[in-house]
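Everything on this sheet refers to the single structure shown next.
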Number of protein chains: 2
Amino acid sequence: MSPRERLIETAAELFYRRGCHAVGIDTILAEAGVAKMTLYRHFRSKDELLLAALRRMDERFRNDFMAAVERRAATPVARLDALFDVVRDWVRGKDFFGCPFINVTAEFAAQDDPVHAAAAEHKRLALAFIERLAAEAGAADPRGLARALKVLLEGCTVLAQVTGQSEFVDDAQLAGRLVLREALRAGGPAPASGAECAAPLRPTR
Amino acid sequence: MSPRERLIETAAELFYRRGCHAVGIDTILAEAGVAKMTLYRHFRSKDELLLAALRRMDERFRNDFMAAVERRAATPVARLDALFDVVRDWVRGKDFFGCPFINVTAEFAAQDDPVHAAAAEHKRLALAFIERLAAEAGAADPRGLARALKVLLEGCTVLAQVTGQSEFVDDAQLAGRLVLREALRAGGPAPASGAECAAPLRPTR
DNA sequence: CATCCTATAGACAGATCGGTCTACTCGATC
DNA sequence: GATCGAGTAGACCGATCTGTCTATAGGATG
């Protein structure tokens, strides 16, 4: 792995688990085994390294997330439910420290800050993925359904982070099934595909 | 206002809007107009000042929040809906920088850190308030209803913070009414009080 | 008036911060 | 073999960080 790659990977991990302002450049350099001059040959500043790390996290996170959802369920409706299962696995992991994109906005509160903007862009793309699933599922209002589910997903993620209780994902999933059922009943052209929602309102695991 | 009070108030505001690690002691001292020795006479360290500021924010936040909810609606059911209205007012304000308790967990990720624990305690108390309302509303499962609503509230708060779109509160409120209707239908002893939920599924403002 | 407590102002220490600079090594290419 | 670019090691700079120290002022209480 090239020095540049090692820097981005190491920065992404350290920024995520310790916070951006709490991690110094020297720590990243030591962990990555890279000289300081090499860092500044590739990036203008610490903030640019942070931006690169965020872009990397965005790619990886969305790819992994989408792949996990699609691996877990086959139909669009089932995948909308599987969103919560994937989040559950995530928040239960020992490497879970909340959503990295929410976390950076806590340290870069200004909306027009490039770091904050990168986090907002991630949320926009993640929402678009859910909306695509919602459209495939035949929801009358895919955008509204996606936004409601996204609210539930974000909510259980932060509550799991703050309280340490992954059970909030179960509560979110139950509410999600309610929302899903309603959204598909309202104008779903394929009532048969909604059958999965009539299943018992329990987390799948 | 005593120097101690000025320190706590100033620290609460600065930590909230700029982040804990991004704000230095000297900045707080200058803003509060307090000498450095006075700070260390009242608090052992910066972290203890942060803890005091968090406790202050917890008290004020929950008091203001509960008062706003009770001012806005009279019945328990209506108050459960008004939770979202209060959050909407909050996130639309220019002094909104996300939930301060979520924000500190981004900078103090360790669950056993006192700062993180203070944030978790705040969430526990805030949830208890909603659960009390849910019980008064006659929900068959007050705990489950409260947790579902809390997930929605947290979710729309963080999405408003990251994306800058307060409309996520509307989506959350719509989903909340769905959850509320279902929770009251399941075992509500007072079906009449659930009439408010049969109202049009639109944000009240 | 004397004493005591609180608070102030500001110097100071030791560490760490982001960032720059020089000197050197290594490997590939011409 | 000479050259060049990328990377390394580490000194170095000015700024900033948390926290301690001294000296002094003012107000309340004895």
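In what follows, every chain begins at residue 1, and chains take the letters A, B, ... in the order their sequences are listed.
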**Q.** Atom pair CZ (B:Arg4) and CZ (B:Phe43), whose distance is rounded to the nearest 0.5 Å
**A.** 4.0 Å
Nearest-Å distance, [atom1] ([X]) to [atom2] ([N])?
X	N	atom1	atom2	result
A:Met1	D:dG7	CE	P	14 Å
B:Leu7	C:dT8	CG	C1'	13 Å
A:Tyr40	C:dC21	OH	P	12 Å
B:Leu29	C:dT8	CG	P	9 Å
A:Asp26	C:dA15	CG	P	15 Å
B:Ile28	D:dT16	CD1	P	16 Å
A:Leu39	C:dC17	CG	P	14 Å
B:Phe15	D:dC17	CZ	C1'	13 Å

**Q.** Sidechain N-carboxylate O distance under 4.0 Å for A:Glu154, A:Lys123
**A.** yes
Q. Hey, are A:Glu121 and A:Arg124 close enough for a salt bridge, meaning a charged N less than 4.0 Å from a carboxylate O?
A. yes
Q) Just by distance, with hydrogens left out, do B:Gln161 and A:Thr105 show a side-chain donor and acceptor under 3.5 Å apart? A) yes
Q) Between B:His21 and C:dC17, does any side-chain N or O lie under 4.0 Å from OP1 or OP2? A) no
(Q) Would you say that more than 12 heavy atoms from the other residues, nucleotides or ligands in this model lie under 6.0 Å from the CZ of B:Arg143, or not? (A) no
Q | side-chain contact (heavy atoms from CB on, under 4.5 Å) partner of B:Leu80, the single match among B:Leu133, B:Val179, B:Leu184 | A | B:Leu133
Between N or O atoms, less than 3.5 Å apart, protein on one side and nucleotides 8-14 of chain D on the other: list the pairs.
from, atom 1, to, atom 2, distance (Å)
D:dT8, OP1, A:Gly33, O, 3.4
D:dT8, OP2, A:Ala35, N, 3.2
D:dT8, OP2, A:Thr38, OG1, 2.8

